[in-house]
Amino acid sequence: MNTKLIFIAVLLLVCDSGRAQVPEEDCGRPDRRRRQIFYEQPNTAERVYKDSTGTYVIRFTYGMFDGYAPADAVDNSDEVRYSAFIEVFRLENCRQELIGNGFMGTFSPEGCIYDEAEYLISEARKIELRAERDRNRR
């Protein structure tokens, strides 16, 4: 009985020491477990637009990708554009109602031809009409 108990104790010690690992040498390759990646959160900007059809809020979510300078920009200008997810909301009775679905587009903090409110509202309405037609077909 004593022999079995001693044998089990020795076996447990051997198995437990087998778990200990020698620290690996740094071979110049990155260790994915140790490296931490911090992602920057996207920025949002909103613009309010009023016309004869109502009041709209256009929300730009940008910063997921690096900004770029337009092709026709002057070399020393600070003009920058971003790929952005765009949502258009119609304001009715202090409620924001999403028009269609969001879509990808361009945003410039200074404003550019691609983020004009009239154009973005018409694109959102087109998406809404397409979705409505698809629902009616079913």
Side-chain angles (χ1 to χ4, degrees):
M1 178 78 176
N2 270 344
T3 311
K4 285 185 180 180
L5 189 59
I6 293 173
F7 180 72
I8 291 173
V10 170
L11 184 65
L12 287 173
L13 284 172
V14 169
C15 290
D16 192 44
S17 66
R19 287 190 207 162
Q21 296 179 352
V22 178
E24 293 181 15
E25 294 180 23
D26 186 17
C27 300
R29 62 176 186 225
D31 186 4
R32 293 180 189 259
R33 288 171 282 160
R34 292 184 196 163
R35 184 175 51 178
Q36 295 178 356
I37 300 173
F38 294 103
Y39 294 99
E40 291 186 28
Q41 295 300 313
N43 300 315
T44 58
E46 291 185 347
R47 295 184 182 158
V48 179
Y49 178 75
K50 255 185 189 178
D51 68 359
S52 61
T53 62
T55 305
Y56 301 91
V57 174
I58 302 170
R59 181 178 299 146
F60 301 92
T61 304
Y62 66 98
M64 289 116 16
F65 307 104
D66 290 335
Y68 59 93
D72 61 346
V74 181
D75 288 339
N76 58 0
S77 75
D78 292 335
E79 187 175 358
V80 64
R81 293 184 182 160
Y82 298 94
S83 292
F85 183 70
I86 301 169
E87 296 170 297
V88 179
F89 297 91
R90 181 182 300 122
L91 288 177
E92 289 182 4
N93 299 329
C94 295
R95 280 190 29 227
Q96 289 186 359
E97 179 185 332
L98 180 64
I99 300 175
N101 296 320
F103 55 94
M104 292 303 292
T106 303
F107 170 73
S108 175
E110 305 299 321
C112 70
I113 191 170
Y114 301 110
D115 63 6
E116 290 180 350
E118 295 158 346
Y119 169 73
L120 298 175
I121 292 168
S122 71
E123 290 299 309
R125 285 184 182 151
K126 288 177 192 175
I127 292 171
E128 184 176 47
L129 288 173
R130 270 189 237 126
E132 194 173 303
R133 274 190 302 226
D134 289 343
R135 274 185 260 139
N136 290 337
R137 286 183 191 169
R138 293 179 190 176

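What's counted below: heavy atoms across the whole structure, side chains too, no hydrogens, waters or symmetry copies.
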Please list, chain by chain and in numerical order, all residues satisfying ring pair (Phe, Tyr, Trp, His ring centres under 6.0 Å) with Y82, sequence neighbours excluded.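 Residues passing ring pair (Phe, Tyr, Trp, His ring centres under 6.0 Å) with Y82: Y62.
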I need the full list of salt bridge (charged side-chain N to carboxylate O under 4.0 Å, His left out) pairs touching residues 100-116, with sequence neighbours left out, sorted by first then second residue.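 Residue pairs with at least one partner in residues 100-116: R47-D115.
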Which pairs count as salt bridge (charged side-chain N to carboxylate O under 4.0 Å, His left out) when at least one residue sits in residues 50-59, sequence neighbours excluded? E46-R59, R59-E87
Under 4.5 Å between side-chain heavy atoms, counting indirect links through other Ile/Leu/Val/Met/Phe/Trp/Tyr residues: same cluster for [X] and [Y] or not?
X	Y	result
F103	I121	yes
I58	L91	no
V88	V48	no
V57	F60	no

E123: what forms a salt bridge (charged side-chain N to carboxylate O under 4.0 Å, His left out) with it, not counting sequence neighbours? K126
In chain order, what residues pass the salt bridge (charged side-chain N to carboxylate O under 4.0 Å, His left out) check against R135, with sequence neighbours excluded?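 So R135 forms no salt bridge (charged side-chain N to carboxylate O under 4.0 Å, His left out) with any residue.
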Going from [atom1] on [X] to [atom2] on [Y], what distance comes out if it is rounded to the nearest 0.5 angstrom?
X	Y	atom1	atom2	value
N136	E132	CG	CD	6.0 Å
I86	N101	CD1	CG	13.5 Å
T53	E118	OG1	CD	9.5 Å

Would you say CG of D66 has more than 12 non-hydrogen atoms from neighbouring residues, nucleotides or ligands within 6.0 angstrom? no
Check: Y56 and L120 side chains under 4.5 Å, non-hydrogen atoms: no
If you group Ile, Leu, Val, Met, Phe, Trp and Tyr whenever their side-chain heavy atoms sit less than 4.5 Å apart, what else falls in with M104?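 Grouped by the 4.5 Å side-chain rule, F85 form the rest of the cluster around M104.
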Quick one: hydrophobic cluster around M64, which other residues, with the 4.5 Å side-chain cut-off, linked directly or via members?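 Members alongside M64: F65.
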Residue set satisfying side chain to side chain contact (heavy atoms under 4.5 Å, CB included) with E97, at least two apart, ordered chain then number -> R90, E92
Which residues pass the side chain to side chain contact (heavy atoms under 4.5 Å, CB included) test with Y114, sequence neighbours left out? R81, T106, C112
List for me each residue that meets side-chain hydrogen bond (donor to acceptor under 3.5 Å, both in side chains) alongside Y68, sequence neighbours excluded, and say none if there are none.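 Expected list: none.
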In terms of heavy-atom contacts, P42 and T61 come closest through CB-CG2, 3.8 Å
